[in-house]
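Read the structure below first, then the notes.
Just follow the structure's listing: the first ligand is 1, and inside any ligand the first atom is 1.
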Amino acid sequence: MNKLKIAIQKSGRLNQKSLDLFAQCGISISNGDRKLVGESKTFPIQSLFLRDDDIPQYVEQGVADLGVLGLNEVLEKGKNIKVLRSLGFSNCRLSLAVPKESEYKGIQSLNGKRIATSYPNILQQYLLDNHIEAQIEELSGSVEIATGIGLADAICDLVSTGSTLLINGLVEVECILQSQAVLVSNNDLSAEKQDLIDRLLFRLDAVSAAKENKYVLLNAPNDKVAEIVKILPGMRSPTVLPLSTLGWSSLHSVINESEFWDKIDALKIAGAEGILIVPIEKMIL
Ligand code: PRT
Ligand code: ZN
């Protein structure tokens with residue numbers, strides 16, 4: 001039987017989180033002895049463990065059908081591949097930063113300056129879009145020390161907590177790109193592989209919907225149920241069950257994480273009691 005081939009980072013920030021996500025989808029991929037190729041016993045998929053920099057090219061060439069890597073790498077490499085899903089982990093941003101003592105008065109301040117980065121293509125495009133002429137110093141790592149050693153006047157690097165910038169006396173001045181891990185695919189897949197990808201996406205979507213939502217159970221006097229139902233739309237509408245205490249009901253529904261606290265406040269005001277919030281394992285829409 002035909003198997004999907006998926007490229008996963010061999011080691012580094014994305015490796016374990018990628019494997020964890022597939023495990024949540026019921027697809028356990030073993031990377032136990034740090035082999036180059038892993039198999040899953042639960043889904044027709046074979047994993048290739050690679051450096052993230054190489055994944056776009058391998059997916060474009062069809063050596064792998066799918067890949068998991070940062071959007072920053074996808075855009076930098078500019079290969080002919082398709083982004084299928086954002087995966088919600090390894091969030092970071094690609095930003096410009098300058099030494100904290102430098103007088104930065106907006107992007108124009110970078111005209112005629114040297115900027116060190118591992119992302120020359122994304123930076124080049126950003127400078128073009130903003131009509132800035134600056135010299136790009138390409139480095140493969142340790143970009144944050146470039147200003148301190150006199151190699152550049154500014155840097156363009158990935159930032160997550162900001163502590164690397166702080167330690168190196170740099171301040172973030174412009175955000176060029178918001179990035180996170182994404183699932184990419186080859187652009188020319190057989191119908192059989194496309195079917196397998198659809199099955200995989202179905203599982204990924206169920207896991208991601210579950211993460212974004214909570215199951216809520218609450219009690220309310222019957223005369224408050226109509227008002228509470230308006231606050232709790234649920235997947236169709238809330239389940240309403242009678243309690244053994246006469247005149248009371250139990251309501252069950254699903255709340256989106258983003259509106260969670262606002263809804264809880266509104267529910268309390270509307271007369272809900274004994275509110276329980278439970279995580280959802282998978283959610284099939
Ligand atoms: O060996 P391989 O080439 O596969 O790995 P790599 O060393 O190129 O990549 P890796 O494992 O460091 O990162 C993989 C991906 O994780 C990146 O392409 C991003 O999409 C994502 N990611 C998320 C990050 C960060 N957060 C991050 N903070 N990648 C790098 N950093 C570095 C950044 O370059 C800087 O040096 O962490 C430092 C900044 O972090 P803070 O927390 O101090 O701001
Ligand atoms: Zn890399």
**OP:** Provide the number and element of each atom of ligand 1 under 4.0 Å from a heavy atom of D53.
**Re:** 3 (O), 8 (O)
Original post:
Taking non-hydrogen atoms only, is S160 closer than 4.0 angstrom to ligand 1 via side chain, backbone, both or neither?
Top reply: both
Original post:
When you measure from atom 10 (P) of ligand 1 to every protein heavy atom, which one gives the shortest distance, and what is it?
Top reply: Q9 NE2, 3.8 Å
Original post:
Is the count of non-hydrogen atoms from other residues, nucleotides or ligands lying under 6.0 Å from I284 atom CD1 greater than 12?
Top reply: yes
Original post:
Take atom CG in D195; do more than 12 heavy atoms of anything else shown fall under 6.0 Å from it?
Top reply: yes
Original post:
If waters are left out, how many protein N/O/S atoms lie within less than 2.8 Å of the Zn ion (ligand 2)?
Top reply: 2
**OP:** Indicate the atoms forming the closest heavy-atom contact of I228 with L251, along with that distance.
**Re:** CG2-CD2, 3.6 Å
**OP:** Identify whether the distance between the nearest side-chain nitrogen and carboxylate oxygen of R85 and D205 falls below 4.0 Å.
**Re:** yes
**OP:** Quick one: look up the protein heavy atom nearest atom 36 (O) of ligand 1 and list residue, atom name and how far away it is.
**Re:** D157 OD2, 3.8 Å
Original post:
Which protein non-hydrogen atom lies closest to atom 14 (C) of ligand 1, naming both residue and atom, and how far is it?
Top reply: D52 OD2, 3.5 Å
Subject >> Considering all heavy atoms, the nearest V182-G70 contact >> reply: CG2-C, 4.4 Å
Original post:
Any idea which protein heavy atom is nearest atom 41 (P) of ligand 1, and the distance to it?
Top reply: T161 OG1, 3.3 Å
Original post:
Does a side chain donor of either Q124 or N121 reach within less than 3.5 Å of an acceptor in the other side chain?
Top reply: no
**OP:** Tell me which protein heavy atom sits closest to atom 20 (O) of ligand 1, plus the residue, atom name and distance to 0.1 Å.
**Re:** N72 OD1, 2.6 Å
Original post:
Do you know which two heavy atoms are closest between N15 and K10, and how far apart they sit?
Top reply: ND2-O, 3.1 Å
With a cut-off of 3.5 Å and sequence neighbours excluded, list every side-chain donor-acceptor pair involving residues 133-144.
residue, atom, partner, partner atom, Å
Q135, NE2, E137, OE2, 2.8

**OP:** Please indicate whether K268 has more than 12 foreign heavy atoms, meaning atoms of other residues, nucleotides or ligands, lying under 6.0 Å from its NZ.
**Re:** no
**OP:** Could you tell me whether F260 atom CZ has more than 12 heavy atoms of other residues or ligands within 6.0 Å of it?
**Re:** yes
Original post:
What atoms in ligand 1 come closer than 4.0 Å to a heavy atom of G70?
Top reply: 20 (O)
Original post:
Going by distance only, is there an N or O of R13 that falls short of 3.5 Å from an N or O of ligand 1?
Top reply: yes
Original post:
Under 3.5 Å, N or O to N or O, is S179 touching ligand 1 that way?
Top reply: no
**OP:** Would you check, one step at a time, whether the test side-chain contact (heavy atoms from CB on, under 4.5 Å) holds for L48 with Y58?
**Re:** CA-CA 10 Å; L48 310 175; Y58 282 132; over 6 Å; no
Original post:
Mind checking whether G162 has an N or O less than 3.5 Å away from an N or O of ligand 1?
Top reply: yes
Subject >> Charged N-O contact under 4.0 Å between R93 and E172 >> reply: yes
Subject >> ILVMFWY network linking I275 to I231, side-chain heavy atoms under 4.5 angstrom >> reply: yes
**OP:** Give the residue, atom name and distance (to 0.1 Å) of the protein heavy atom nearest atom 33 (C) of ligand 1.
**Re:** L158 O, 3.3 Å
Original post:
Between P99 and D153, what is the shortest heavy-atom contact and its length?
Top reply: CD-O, 3.3 Å
Original post:
Is it the side chain (CB and beyond), the backbone, both or neither of R51 that lies under 4.0 Å from ligand 1, heavy atoms counted?
Top reply: both
Original post:
Quick one: which ligand 1 atoms are inside 4.0 Å of a heavy atom on S90?
Top reply: 23 (C)
Original post:
Which of the atoms in ligand 1, numbered in the order shown and given with their element, are less than 4.0 Å from a heavy-atom of V159?
Top reply: 44 (O)
**OP:** Report, in ascending order of atom number, the atoms of ligand 1 lying under 4.0 Å from any heavy atom of G12.
**Re:** 11 (O)
Subject >> Side chain, backbone, both or neither: T164 near ligand 1, heavy atoms under 4.0 Å >> reply: both
**OP:** Among all protein heavy atoms, pick out the one at the shortest distance from atom 26 (N) of ligand 1; state its residue, atom name and that distance to 0.1 Å.
**Re:** C92 CB, 3.5 Å
Original post:
Closest approach of L14 and V68, non-hydrogen atoms and distance?
Top reply: CD1-O, 4.5 Å
